[in-house]
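Here is the structure we will look at, set down as structure tokens.
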Amino acid sequence: MAWSTVCLPIQLRGLGISGLKNMMWALRMRCVWLQRKEPRRPWATLPIQAPAEVKAFLSITLKTEISDGSRTLFWTDH
């Protein structure tokens, strides 16, 4: 069975399994997002190497609310 068929929803006669490429993107974006959202976690200081595409997509989809400005990046946040 072709992988593209396996990844289709059950209603379209697939098995409903998430594609690995989509899951990889989601997990990488989640790591970068959690690093920004919860900077006091112990693992947040670790250097997470995410591709530029992941960071660019995440910056497009997020809005930053400026409070005291400590977690806002002037040139990259919207």
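Treat the numbers as computed from the prediction; the structure is a model and nothing was measured. We're numbering straight along the sequence, starting at 1.
- Hydrophobic clustering of Ile, Leu, Val, Met, Phe, Trp and Tyr side chains at less than 4.5 Å, counting indirect connections, keeps Leu27 apart from Leu46.
- Taking the salt bridge (charged side-chain N to carboxylate O under 4.0 Å, His left out) definition, one finds that Arg30 meets it with nothing, sequence neighbours left out.
- Annotation: side chain to side chain contact (heavy atoms under 4.5 Å, CB included) contacts of Ile17 (sequence neighbours excluded): Trp3, Val6, Leu15.
- Heavy-atom minimum distance, Gly19 versus Cys7: CA-SG, 3.7 Å.
- Although no hydrogens or angles enter the test, the distance criterion places no donor-acceptor pair under 3.5 Å between the side chain of Gln35 and the main chain of Pro47.
- The neighbour count for Met24 CE, taken as heavy atoms of other residues, nucleotides or ligands under 6.0 Å away, is above 12.
- With sequence neighbours excluded, the residues satisfying side chain to side chain contact (heavy atoms under 4.5 Å, CB included) with Pro9 are Gln11, Leu12.
- In this structure Pro51 satisfies the side chain to side chain contact (heavy atoms under 4.5 Å, CB included) test together with Arg28, Glu53, Val54, sequence neighbours excluded.
- Tracing side-chain contacts under 4.5 Å through hydrophobic residues (I, L, V, M, F, W, Y), one reaches Leu34 starting from Phe57; they form part of the same cluster.
- Heavy-atom minimum distance, Ala50 versus Val32: CB-CG2, 3.6 Å.
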